Amino acid sequence: SASAIFSQKLLSDIRESFWDYWHYCHPLIIQGLVTFFYTFWDVWLLTHFAGAVQQAFFQVGQRFVGICLIGATAVMRVFWKEMSSLYSQGDDERLKEVFFKTLYVVTFTGAVASGFLVFWSKEIIFLALGENYAAGWLVLAVMFFYPLHQGIGQLMGAAYYATSRTVLSARLSI
């Protein structure tokens, strides 16, 4: 009967969708676990071997560096959607063009923000946190170069996800 054929087709479509989803996501599960343990051990090792003061300097640096990543993070959603659309259409030339234009923008934005702020590290720490944290200016100065790496990493991750290359993304990330 027609309803039995429809039910079989629906069940087949659901199975196919599940396996497609599983193949896309299973590398991300492993990556998520590794990232969790890395983050935990990163904080623990820094606190255990360097002490709470160095941990505080690192955390403060991370918060300020987040400001430099605002532009890159805002671009990622649009970039991911555009890359996914172009990939599904098979438009490789436009895909490369969008990727490299976005790479230049993200790198340039991160470099300008970092390059400007690195020279104001002492003043930023002193004005925002006071004299107690003034010794952490060097940590902040070094961490201001992190957005260059992080912006490119976010861009590459979005490109891999948009083109269904999650296994490669997970391997490189780990």
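Treat the numbers as computed from the prediction; the structure is a model and nothing was measured. Sequence positions, counted from 1, serve as the residue numbers for this chain. All values below come from the heavy atoms of this structure, side chains included, with hydrogens, waters and symmetry mates left out.
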Query raised in the report: Are the side chain of S169 and the backbone N or O of R165 linked by a donor-acceptor pair below 3.5 Å?
Result: no
Query raised in the report: Within the side chain of S88, is there an N or O that forms a donor-acceptor pair under 3.5 Å with the backbone of S85?
Result: yes
Going by the angle between their ring planes, with limits at 30° and 60°, are [X] and [Y] parallel, tilted or perpendicular?
X    : Y    : result
Y161 : W80  : tilted
Y104 : F100 : tilted
W22  : H26  : parallel
F79  : F99  : tilted

Report summary line: Here the pair of heavy atoms bringing M83 nearest to V98 is SD-CG1, 4.2 Å
**Report entry** Side-chain heavy atoms of F57 within contact of L138, under 4.5 Å
**Finding:** no
Query raised in the report: Going by heavy atoms in the side chains, are F64 and F144 under 4.5 Å from each other?
Result: yes
Other residues, nucleotides, ligands: >12 heavy atoms within 6.0 Å of [X] [atom1]:
X   : atom1 : answer
Q89 : CD    : yes
W44 : CH2   : yes
Y24 : OH    : yes

Query raised in the report: Any salt bridge between D92 and K96, counting N to O under 4.0 Å?
Result: no
Kindly work out whether a path of hydrophobic side-chain contacts (I/L/V/M/F/W/Y, heavy atoms less than 4.5 Å apart) joins [X] to [Y].
X    : Y    : value
M76  : V65  : no
I124 : Y146 : yes
L103 : F145 : no

Query raised in the report: In this structure, which one of Q154, M156, Q150 forms a side chain to side chain contact (heavy atoms under 4.5 Å, CB included) with I152?
Result: M156
Report summary line: Tested for side chain to side chain contact (heavy atoms under 4.5 Å, CB included) against F58, the lone hit among D42, V53, V43 is D42
